[in-house]
There are 2 protein chains.
Amino acid sequence: MKKLNCSMCILKSEATKSLNTGELKILSQNCVEVDFKKDEVLFKQNVLSSNVIYLQSGMVKLIIEGPQRKQILKLKKAPCYIGLPTTMGDKINHYSAVAIQATRACFIDITTFKKLLRLNPDFSYEIIVELCKSELEQFHRCINLLQKQVFGRLANNLIYFTEELYEMDEYDLPLNRNEFADLVCTSRESISRMLSELDEEKIIKIEGKRIKILNKEMLKKIRDNG
Amino acid sequence: MKKLNCSMCILKSEATKSLNTGELKILSQNCVEVDFKKDEVLFKQNVLSSNVIYLQSGMVKLIIEGPQRKQILKLKKAPCYIGLPTTMGDKINHYSAVAIQATRACFIDITTFKKLLRLNPDFSYEIIVELCKSELEQFHRCINLLQKQVFGRLANNLIYFTEELYEMDEYDLPLNRNEFADLVCTSRESISRMLSELDEEKIIKIEGKRIKILNKEMLKKIRDNG
DNA sequence: TTATTTTTGTGATAAACATCACGTTTTGTG
DNA sequence: CACAAAACGTGATGTTTATCACAAAAATAA
């Protein structure tokens with residue numbers, strides 16, 4: 001458990017930037033930095049939640065065990081907070097967080113986090129803005145999943161990977177076909193079939209987990225037309 | 001436009017209860033009370049957002065015009081805030097709000113609302129908790145829609161109406177079949193057929209918009225088994 | 001009232017996709 | 001390396017549900 005000095009941290013969140021020296025000291029004293037390897041669990045569904053987590057680097061998936069199947073709620077890429085709603089909204093985690101690559105995270109004790117919210121309204125304000133944005137995104141993600149059919153949803157995720165997550169036209173899928181299906185909300189078989197089809201039509205090139213976008217325009221058309 | 005005195009208001013939200021006299025005065029001076037009839041629009045998608053709205057009484061639906069179809073995001077019943085994420089999370093409304101019965105609402109100017117957030121961390125704190133709870137609910141609503149088939153989703157909404165919205169076993173649907181389909185995320189025809197079937201099986205009794213729950217246990221089984 | 005529009009119910013048809021089944025490939029391990 | 005286990009690809013089949021079509025009922029207007 002590394003001793004932290006949040007004042008010197010160059011990876012501060014928008015919210016943390018509004019903390020003063022004293023507040024940063026409180027944060028430092030109640031915050032630990034932890035490293036995670038791929039597939040390690042940051043927190044687990046149905047367990048008492050006791051920390052707000054700030055991702056310094058890396059990427060995680062948020063998974064929820066639904067009534068009928070597992071589902072990946074979203075992927076989160078550093079820098080960002082995770083587990084805010086599940087920590088502040090209830091005593092128990094409503095979902096799990098699992099690293100999908102090497103990830104470094106700050107675990108902030110929930111009472112400390114709440115204390116900072118009470119101490120510094122600018123800090124609170126930034127958190128509010130972040131929560132609001134996240135809720136809007138969530139609405140759109142939900143509608144995307146509900147109103148489009150599998151091809152459109154798949155294309156949507158492939159584009160999200162290229163443009164938001166990796167910012168590259170070629171990347172390794174961070175998920176296997178089963179998990180990818182949990183994200184797109186379909187079956188493993190459908191994912192397989194559709195990836196093959198996109199490959200055949202030379203819209204993407206696929207080799208195991210390696211994906212290369214060949215025709216982004218076409219892919220966007222597929223995303224937009226359902 | 002009625003002159004308000006928020007200090008005397010007996011319908012204060014959890015958050016507003018934490019405001020002091022001075023802050024309540026600021027609120028009073030920048031807040032108007034408006035009455036809406038059924039089907040009147042409180043705010044509209046794609047329009048600049050300029051108010052946070054607190055529902056004193058009544059009920060509204062939040063509607064989003066998706067890429068392929070209209071969808072009802074959720075129903076909100078007073079007392080509650082609406083439009084918080086769409087006002088704080090972006091400059092433009094991402095969805096519309098429409099009254100589904102006579103509704104009275106306070107329109108709070110967004111700059112005033114932001115000022116109160118900065119002035120009073122207890123106020124902010126309550127808003128944060130509300131946002132977090134709402135995001136968790138949203139996750140569950142989304143998963144419910146994605147993982148269950150239409151019968152389960154329909155049953156889920158019928159139970160939600162009885163237990164949460166009306167707290168009665170008999171009520172008038174606040175939506176016509178088309179809108180109900182937009183809420184359940186299916187087609188009007190499927191809604192018709194399934195309501196008829198539930199009626200035939202004597203699980204509900206249905207006469208136009210009037211619904212009576214006859215066998216709640218059975219309905220819950222349908223909800224839970226997909 | 002009658003006429004007209006909107007809402008609703010219901011059958012027939014078709015499409016999308018899950019599921020099952022099974023073979024192949026890849027990965028991991030002693 | 002050899003073997004077992006996990007991940008993956010692909011065909012066949014069946015189910016769910018959207019869509020189309022049209023009639024009946026209800027609401028609204030003239």
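FYI, side chains are in, hydrogens and waters are out, and symmetry mates aren't considered; it's all heavy atoms of this structure.
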Respond yes when some side-chain nitrogen or oxygen of [X] is under 4.0 Å from OP1 or OP2 of [N], and no when none is.
X      : N      : value
B:K209 : C:dT7  : no
A:S190 : C:dA18 : yes
A:T186 : C:dA18 : yes
A:R188 : D:dA7  : no

Taking the minimum atom-to-atom distance to the side chain of [X], which one of [options] wins?
X      : options                : value
A:S192 : D:dC8, C:dC20, D:dA18  : D:dC8
A:N176 : C:dA21, D:dA21, D:dC8  : D:dC8
B:R193 : D:dT17, C:dT19, C:dA12 : C:dA12

[X] [atom1] - [N] [atom2] separation (whole Å):
X      : N      : atom1 : atom2 : result
A:E189 : D:dG14 : CD    : P     : 17 Å
B:Q149 : C:dA16 : CD    : P     : 19 Å
B:N178 : C:dT6  : CG    : P     : 12 Å

Verdict with reasoning, B:I159 to B:E164, per side chain to side chain contact (heavy atoms under 4.5 Å, CB included): CA-CA 8 Å; B:I159 300 237; B:E164 318 265 323; over 6 Å; no

- prompt: Using a cut-off of 4.0 Å on non-hydrogen atoms, how would the nucleic acid contact of B:S196 be classed: base, sugar-phosphate, or nothing?
  reply: sugar-phosphate

